[in-house]
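Contents: one structure, followed by commentary.
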2 protein chains.
Amino acid sequence: MASEADSPKRPPRTSVWLDGKPVTRPRRADRTDRAEPAAGDTKGTPTATRSGTDQPPPLDRDRITAVSVRLLDAEGSAKFSMRRLAGELGVTAMSLYWYVDTKDDLLELALDAVFGEVRVPDLTDESADWRDQLRALAVSYRTVLVRHPWVTPLIGKYLNIGPGSRAFSSAVLAVMDRTGLAPYGRMGAVSAVFQFVYGFGTIEGHFVQRCAEAGLTQDEYHRHAMGTIHEQPDFKRAFSNTEELMGARGGETVEEKRERDFTFALDLMIAGIEAMRERGRHETPPPAPAVG
Amino acid sequence: MASEADSPKRPPRTSVWLDGKPVTRPRRADRTDRAEPAAGDTKGTPTATRSGTDQPPPLDRDRITAVSVRLLDAEGSAKFSMRRLAGELGVTAMSLYWYVDTKDDLLELALDAVFGEVRVPDLTDESADWRDQLRALAVSYRTVLVRHPWVTPLIGKYLNIGPGSRAFSSAVLAVMDRTGLAPYGRMGAVSAVFQFVYGFGTIEGHFVQRCAEAGLTQDEYHRHAMGTIHEQPDFKRAFSNTEELMGARGGETVEEKRERDFTFALDLMIAGIEAMRERGRHETPPPAPAVG
DNA sequence: ACCTGAACACCGTTCAAGT
DNA sequence: ACCTGAACACCGTTCAAGT
């Protein structure tokens, strides 16, 4: 109740997209517009630009964002710092604050750029099966989450209202429109499918990253963890069922088992959507609440 | 391929439960065993223990873990540090390292304690409906995730093989056993339901926390964010559909809408499980891969 | 308009030392 | 067995100052 006594007027900070610095495109005349490489195979030296000198290209928000994503992919969020990023950009840490208010703003920009990587299906194609489109969207979302394991904690942290996020959300809603599900249940269905993919991609991404850091394949890492577990006497009994939770059996690799589980879960949810759609045809939806 | 050249023998660190310091119960004779309060209403002064002096009780892993959970709940993971925790325990930061190897170990312990809060259904009750048990488990898991918003990033980060995690996993598998689903699809179904709850609880928990920090109700916060969005001219069009993604309409509160979506999604997945079970009865499952 | 150096108030962790 | 102080190599961010 004494909530607005201490900070009288200023509304709480919500997002770069709302309270952030206005986007100012760089004004250097010699800049080739939108010449930034999309993929990240320029991981070596940033030298030898069109001018031939070894000075890095000038800063702007797009370049800062792109390099942030590259660093986060390569070294993980634990090692990502303003100083580290600035070093990579050939500049001091403080100059970043010209383009961005806080580190959170930077992460929000990087997050939105990653959302933009999700491939959305052709939504104008009326003849396409919504099941295929939903599957494609889920698979692409999962791929992106696994490629950038640092994003999942951020998705929970921020509002996700940048252009990349919105393009993704729009696509999700558009596909869900075509399921025949009553409007009443659409958001619940969206939640079911994409929160699942989010959770699945989170666990998978961290596991893949952990294996890479240890220099082991996923099966090797799994065997190592299981081996260590079985050395602990108390755990022998306790893990009799957890084993199938974590690992492969019967000659299946960890990756194969994961693919199988993901596909089955997606099929399950599509079957669930169809079942709820039929159910909605026979029952009358609950009345809309009165407008206050 | 040159992966094991640099760190020749030492296996990678996996978990407190595997590589951590052995648990040594405190040896003080005057200690009342297991007298730690379960819930967290002792948030005031830690003084005035049974001895009447104002010196805090002696350290042990359980107490360190309990205080960690309380601090993380109260102040969030961003403000949680070894120094802050030590201060709360009336000790210097370095003494914590007697009980724990790293901060990660500490977080893993706190995470497992939280998993232990999930209420598992009575698994010996043969007459209970698996749908009710699955719903109860999902609801309790969601409640715990929202109560401790700092846990979801950790679930992705660690292996989750402590006693609390294992009790939860066992319950999930036991309930799934009773669905009639073929063993082939059980882990996929587990994934569908609980990765969904994980994702849902993550977003919900962060939103609730964000509102609390801003000193606003969820509806107030939502109106504030939407108001700010609509002030941005470019966003007017773009948000015509995202509005229903984020918010309430027709007099429904944000909380009511969220309950509705969660319930619908759970119903959807239960319907999906039933559909896949029927499908499995008519089709023959794919052959198990040959053992390598 | 854009970038810097110095400074502040923090981090996790190591190490030698105390009792 | 348990705890400490000092130190190392870091953080994000502010501020006054440079060009």
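Owing to the predicted nature of the structure, the values given are computational and were not obtained by experimental measurement. Per chain, numbering begins at 1; letters A, B, ... match sequence-line order.
To the nearest 0.5 Å, the span separating CD on B/Glu204 from OG1 on B/Thr143 amounts to 8.0 Å.
Atom NZ in B/Lys21 sits about 12 Å away from atom P in D/dC3, given to the nearest Å. Across the protein-nucleic acid pair, B/Arg84 atom CZ and C/dC10 atom C1' stand 14 Å apart, rounded to whole Å. In this entry the distance linking CG of B/Leu85 with P of C/dT13 reads 13 Å, nearest Å. Spacing between atom CZ of B/Arg61 and atom P of D/dC2 amounts to 13 Å, rounded to whole angstrom units. In this structure, A/Arg83 atom CZ and C/dC11 atom C1' are separated by 11 Å, rounded to whole Å. A/Leu59 has its CG atom 9 Å from the P atom of C/dT4, to the nearest Å. Distance CD1 (A/Ile64) to P (C/dC2): 11 Å, rounded to an integer number of Å. In this structure, A/Asp105 atom CG and D/dG12 atom P are separated by 14 Å, rounded to whole Å.
Phosphate contact (OP1/OP2 of C/dC3, side-chain N/O of A/Tyr99, threshold under 4.0 Å): present. At D/dC3, none of the side-chain N or O atoms of B/Ser95 fall inside 4.0 Å of OP1 or OP2 (strictly under the cut-off). Dashed line: the shortest gap from a side-chain N or O of A/Trp98 to OP1 or OP2 of C/dC3 is not under 4.0 Å. Taking only side-chain nitrogens and oxygens, A/Ser81 comes nearer than 4.0 Å to OP1 or OP2 of D/dC11.
Residues A/Tyr221 and A/Phe207 place their aromatic rings such that the two centres sit under 6.0 Å apart. The ring of B/Phe200 has its center no closer than 6.0 angstrom to the ring center of A/Phe194.
Checking D/dC3, D/dG12, D/dT4 against the side-chain heavy atoms of B/Thr92 singles out D/dT4 as nearest. Distance from the side chain of A/Lys103 is smallest for D/dT13 among the nucleotides C/dG12, D/dT13, D/dC2. When distances are taken from the side chain of B/Val91 to each of D/dC3, D/dG12, D/dA7, the shortest belongs to D/dC3. Nearest to the side chain of A/Tyr97, among C/dT13, C/dC3, D/dT13, sits D/dT13. When distances are taken from the side chain of B/Met82 to each of C/dG12, D/dT14, C/dC3, the shortest belongs to C/dG12.
Contact between A/Gln209 and A/Pro149 at its shortest, heavy atoms only, is OE1-CG, 3.9 Å. When all heavy atoms of A/Glu220 and A/Gly215 are compared, the pair lying nearest together is OE1-O, 4.5 Å.
Using Watson-Crick or G-U wobble geometry with both donor-acceptor distances under 3.5 Å, D/dT4 finds its partner in C/dA16. Pairing of D/dA9, defined by two Watson-Crick or G-U wobble distances under 3.5 Å, is not identified with any nucleotide.
Residue-level contact check: B/Met94 touches the bases, meaning some heavy atom is under 4.0 Å from a base atom.
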